[in-house]
Amino acid sequence: MGGAKRAPGDLEREITAALHAADRALTPREVRSALGESLAYTTVLTILVRLEGKGVLERERRGRAFAYRPVADDPGLAVRRMHQLLDERPDREVVLTRFLGSLSDDDEQLLRRMLHDLDTEDPDT
């Protein structure tokens with residue numbers, strides 16, 4: 001067990017990446033195999049169950065096991081997390097104001113362009 005210790009969240013990210021790379025839902029055994037089988041089956045299963053509980057994955061019955069798939073792509077998951085964080089706070093305006101104030105100049109310009117594009121979109125499209 002002399003391997004390097006993972007940073008918090010690394011294993012979840014590795015498992016999620018393996019599921020995104022697959023073209024179908026994977027069982028815990030298939031996820032373990034995709035990751036090189038260095039992890040215990042129970043470790044993979046525990047992470048999959050946690051991710052499903054967080055709403056990141058959905059599962060379907062496959063024989064005696066469950067197979068897991070992401071509910072959204074990476075950008076979609078980021079959007080879900082951002083909404084969850086905002087929903088947990090009593091004052092969305094304060095959080096959004098501080099977030100906007102922390103943006104780099106490049107990100108601020110990108111956001112301004114995107115908001116402008118949304119305002120000028122044809123509502124019939």
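Here the structure is a predicted model, which means the values were calculated and not measured.
In this structure, D107 CG and R112 CZ are separated by 12.5 Å, a value rounded to the nearest 0.5 Å. In this structure, F66 CZ and L57 CG are separated by 13.0 Å, a value rounded to the nearest 0.5 Å. Remark: E58 CD to R69 CZ distance equals 6.0 Å, nearest 0.5 Å. A distance of 6.5 Å separates CD1 in I15 from CG in L51, rounded to the nearest 0.5 Å.
Looking only at side-chain heavy atoms (C-beta outward), L85 and R89 come within less than 4.5 Å of each other. Looking at L19 and L48, their side chains come closer than 4.5 Å, going by heavy atoms from C-beta outward. Contact annotation: the side chain of T43 approaches that of L11 to within less than 4.5 Å [non-hydrogen atoms, C-beta and beyond]. Contact check for V71 versus L77: side-chain heavy atoms found under the 4.5 Å cut-off. D117 places none of its side-chain heavy atoms less than 4.5 Å from the side chain of M114.
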Go through the steps for E12 and V56 under the test side-chain contact (heavy atoms from CB on, under 4.5 Å), then give the verdict.
-> CA-CA 10 Å; E12 286 186 359; V56 173; over 6 Å; no

When you look at L45 and V49, which way does the side-chain contact (heavy atoms from CB on, under 4.5 Å) test go after all the steps?
-> CA-CA 6 Å; L45 180 60; V49 169; 4.1 Å; yes

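Among residues two or more places apart in sequence or in another chain, the side chain to side chain contact (heavy atoms under 4.5 Å, CB included) test is passed with A21 by none.
T46 places a side-chain N or O within donor-acceptor distance of the main-chain N or O of T42, the cut-off being under 3.5 Å.
Contact detail for A40 and R32: the closest heavy-atom pair is C-NE, 4.0 Å. Considering every non-hydrogen atom in both D73 and H20, the closest pair reads CA-CE1, 3.4 Å.
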